[in-house]
Amino acid sequence: MQQFLVFSANTLACSPSAFPAALRRRVAPISAIAAPPQPLRYQTTHSMPAEKVEIFKSLESWASSSVLPLLKPVEKCWQPNEFLPDPSRPSDEFFDEVRALRERTSQLPDDYFVVLVGDMITEDALPTYQTMINTLDGVRDETGASQNPWAAWTRAWTAEENRHGDLLRTYLYLSGRVDMTMIEKTVQYLLGVGMDPGTENNPYLGFVYTSFQERATFVSHGNTARLAKEGGDLVLARICGSIAADERRHENAYANIVEKLLEVDPNGAMLAIADMMRKKITMPAHLMYDGQDINLFEHFSAVAQRLGVYTAHDYADILEFLIGRWKLEKMEGLNGDGRGAQDFVCRLPLRIRKLQERADERAKKLAPRGVKFSWIFNREVTI
C-alpha cells in the first residue's frame, strides 16, 4: 500500500476529485451497527462580521458583469444524452450502441472504475454543495428564486454541475461493470450525512474553498479522461474531458471572486485564505460510506493516488497556482496579521512537498495489499 495518506496530525494527503484524505477534519467514530460517519459535533457558524455583508452587496453589480458571464447558456451546453446510446433509435441500433459501449469499457481495469465511481458519487452529492453555498451570509438565495446575482450564480452553477453526475451515472450503469445498488447506497449515505468544510457561513472562506475545490475536480476529471483515452474508450475520454472543462470555467468564476475580495478587502481576504489552508481543504465526499467499508474514502483515495488521478503533489500544485493567480507573494500594504497570513500561505507549498517526499519514502518500504470494493461487486483492487 502506498502510504501517501499518513504523514502526521498536521500533514497532507490526497484524494480524487478534490482533496487529500488525511487533510479532512476529525469525525466521530462509526458505531457498531452499520451507520455512516457523523459530522463534527462542534461547528463554527456565522464567523463573518455583520458589517462585511455590505461588501457583498456592494459587489452585486460587479458579480453581474464579471461572474455571471462565465456561465454558458443552456442552448450552448452539452447534455448527457449526446454522449450516450440513443434510446429513440430502433431497438437493434440502440442495443448495438450499448454493446459497443460495453466492449469499450471491458478494456478498462477495475481500479479505474473505482476512481470513476468515486468521482460520480462526489458529483451526485450536488444537493449538499448547493446547500453549503446557500448558507453563506450575504450571498445566499433568500427566496429560492432570488434575482440577486449571487443567488442566480448558485442556481445556474448547480444546473451546470447537475449534468456531470447524470452522465457518469448512466454511463456506468450501461457498462455493466459496477454494482449500481451499492453505488446508490453510497450516494444516499453521503447526502444524509452532509458536509462541513469549515466555511462557517462565511463567504470569504466559502469562495476560497470553492476556488480550490473546482480546480481539484478539473485536475481529477482531466486525468480520468487521459486514462480512458489510454484504455481505448474515446467516448469516456470525451465525457471526462467535457466535465473537466466545466470545472475549469467554474474555477475561474470562484477565483475571480477571491481576487476581487483581495482588491477591496486585502487583509480580510488574505486571512480567509490562510484560515482555509490551516484547516486543510477537505474533499466534499470525505464522509462517503457504502454501509460496509468504514475506510471507504481512504481506500478510494489510495487507488486515485496510485493511478495518478489526484495526488498530494496535485494539492501543492493547485495551491501554487492560486498563489500565483492571486499574486499573493506580491501583495503590499497588509497589516501585521495579514503579512503573517501571507507568509504562511506562500511558504506552504514547499512544506507540503517536503512532507510528501518523506511519505513517499515510507511508502516504498510497505508491501501493497488488496482491498475489496462493493462498487465493483467486491472485487479486489491493489492499494
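No continuous path of hydrophobic side-chain contacts links Leu234 to Leu116 [ILVMFWY only; heavy atoms under 4.5 Å]. Connection of Leu70 to Phe207 is not established within any shared hydrophobic cluster, with ILVMFWY side chains joined at heavy-atom distances below 4.5 Å, either directly or through further cluster members. No chain of hydrophobic side-chain contacts below 4.5 Å, direct or via other Ile, Leu, Val, Met, Phe, Trp or Tyr residues, connects Ile257 to Leu271. No continuous path of hydrophobic side-chain contacts links Leu350 to Leu322 [ILVMFWY only; heavy atoms under 4.5 Å]. In the hydrophobic clustering of this structure, Leu227 groups with Phe113; members are Ile, Leu, Val, Met, Phe, Trp, Tyr whose side-chain heavy atoms approach within less than 4.5 Å, directly or through other members.
Counting only N and O atoms by type, the side chains of Ser88 and Asp86 include a donor and acceptor under 3.5 Å apart. Between the side chains of Asp233 and Tyr171, at least one donor N or O lies within less than 3.5 Å of an accepting N or O. Defined by atom type and a distance below 3.5 Å, a donor-acceptor pair is present between the side-chain atoms of His221 and Glu123. Looking only at atom types and distance, the side chain of Tyr204 has a donor-acceptor partner in the side chain of Asp265 under 3.5 Å away. For the residue pair Glu214/Trp157, the side-chain donor-acceptor check at 3.5 Å is satisfied. A donor-acceptor contact closer than 3.5 angstrom links the side chains of Asn148 and Glu60.
Classification of Arg99 and Asp96 as a salt-bridged pair holds, one side-chain N sitting under 4.0 Å from a carboxylate O. Taking 4.0 Å as the cut-off between side-chain N and carboxylate O, Lys279 and Glu200 count as a salt-bridged pair. A salt bridge links Arg215 with Glu251; the closest basic N to acidic carboxylate O contact falls under 4.0 Å. Under the 4.0 Å criterion applied to side-chain N and carboxylate O atoms, Asp360 and Lys364 are not assigned as salt-bridge partners. Taking 4.0 Å as the cut-off between side-chain N and carboxylate O, Asp166 and Arg169 do not count as a salt-bridged pair. Between Arg379 and Asp110 there is a salt bridge, with a side-chain nitrogen of the basic residue lying less than 4.0 Å from a carboxylate oxygen of the acidic one. For Glu332 and Lys327, the salt-bridge test fails: no basic side-chain N is under 4.0 Å from an acidic carboxylate O.
Side chain of Lys372 to main chain of Glu380: no donor-acceptor pair is present (N/O by atom type, distance under 3.5 Å, no hydrogens or angles). Under the 3.5 Å distance criterion, the side-chain polar atoms of Glu82 are matched with a main-chain donor or acceptor of Gln79. In this structure, Gln130 contributes its side chain and Thr128 its backbone to no donor-acceptor pair below 3.5 Å. Panel note: side chain Ser146, backbone Thr143; no donor-acceptor pair is recorded below 3.5 Å. Side chain of Ser242 to backbone of Arg238: a donor-acceptor contact under 3.5 angstrom is found. Put simply, the side chain of Arg369 never gets that close to the backbone of Ile383: no donor and acceptor are under 3.5 Å apart. In terms of modelled atom types and a separation under 3.5 Å, the side chain of Gln147 and the main chain of Ala152 share no donor-acceptor contact. Remark: the backbone N or O of Ile55 is paired with a side-chain donor or acceptor of Ser58 at under 3.5 angstrom. Without hydrogens or angle criteria, Asp314 side chain to Thr311 main chain gives a donor-acceptor distance under 3.5 Å. Between the side chain of Arg339 and the backbone N or O of Leu334 there is at least one donor-acceptor pair closer than 3.5 Å.
Counting heavy atoms from C-beta outward, Met48 and Val53 have side chains that approach closer than 4.5 Å. A heavy-atom distance below 4.5 Å is found between the side chains of Arg351 and Leu348. Residues Asp246 and Glu161 fail the side-chain proximity criterion, which asks for heavy atoms closer than 4.5 Å. In this structure, Phe212 and Ile318 have side chains that are in contact, with non-hydrogen atoms separated by less than 4.5 Å. Contact of the Leu261 side chain with the Leu59 side chain is registered, since non-hydrogen atoms from C-beta on lie closer than 4.5 Å. Looking at Lys354 and Ile352, their side chains never come closer than 4.5 Å, going by heavy atoms from C-beta outward. Counting heavy atoms from C-beta on, the side chains of Tyr289 and Leu190 never come closer than 4.5 Å.
Tyr129 and Thr122 make their closest contact through OH-O, 2.6 Å (heavy atoms, listed as atom of the first residue, atom of the second, distance). Taking every heavy atom of both residues into account, Trp150 and Phe56 meet most closely at NE1-O, 3.0 Å. Nearest approach of Ala274 to Val345, heavy atoms of both residues: CA-CG2, 3.6 Å. Pairing each heavy atom of Ala253 with each of Val67, the nearest pair is CB-CG1, 4.2 Å. For the residue pair Phe94 and Pro85, the shortest heavy atom distance occurs at CE1-CB, 3.7 Å. Across every non-hydrogen atom of Ile323 and Pro349, the tightest pair is CD1-CG, 3.7 Å.
Between Phe300 and Phe297, the ring planes lie perpendicular to each other; the angle is over 60°, past the 30° to 60° tilted range.
Aromatic ring centres of Trp153 and Tyr254 lie closer together than 6.0 Å.
If you run side chain to side chain donor-acceptor pair (under 3.5 Å) between Trp375 and each of Asp293, Thr186, Asp290, only Thr186 comes through. Between Glu160 and the choices Lys76, Lys72, Arg155, Arg249, the salt bridge (Lys or Arg N to Asp or Glu O under 4.0 Å) rule is met once, by Arg249. Checking each of Ile281, Asn202, Thr282 against Met276 for a side chain to side chain contact (heavy atoms under 4.5 Å, CB included) leaves exactly one that passes, namely Ile281. Each of Leu296, Asp111, Asp179 was compared with Phe373 under the side chain to side chain contact (heavy atoms under 4.5 Å, CB included) criterion, and only Leu296 meets it. When the options Ile243, Val117, Thr224 are evaluated for a side chain to side chain contact (heavy atoms under 4.5 Å, CB included) with Leu168, the one that passes is Ile243.
Relative to the six-membered ring of Phe218, Arg248 meets both conditions, a distance below 6.0 Å and an angle of at most 45° to the axis.
Heavy atoms from other residues, nucleotides or ligands lying under 6.0 Å from CZ of Phe377 number more than 12. The neighbour count for Glu51 CD, taken as heavy atoms of other residues, nucleotides or ligands under 6.0 Å away, is above 12. Residue Lys52 places its NZ atom among more than 12 non-hydrogen atoms of other residues, nucleotides or ligands, all under 6.0 Å distant.
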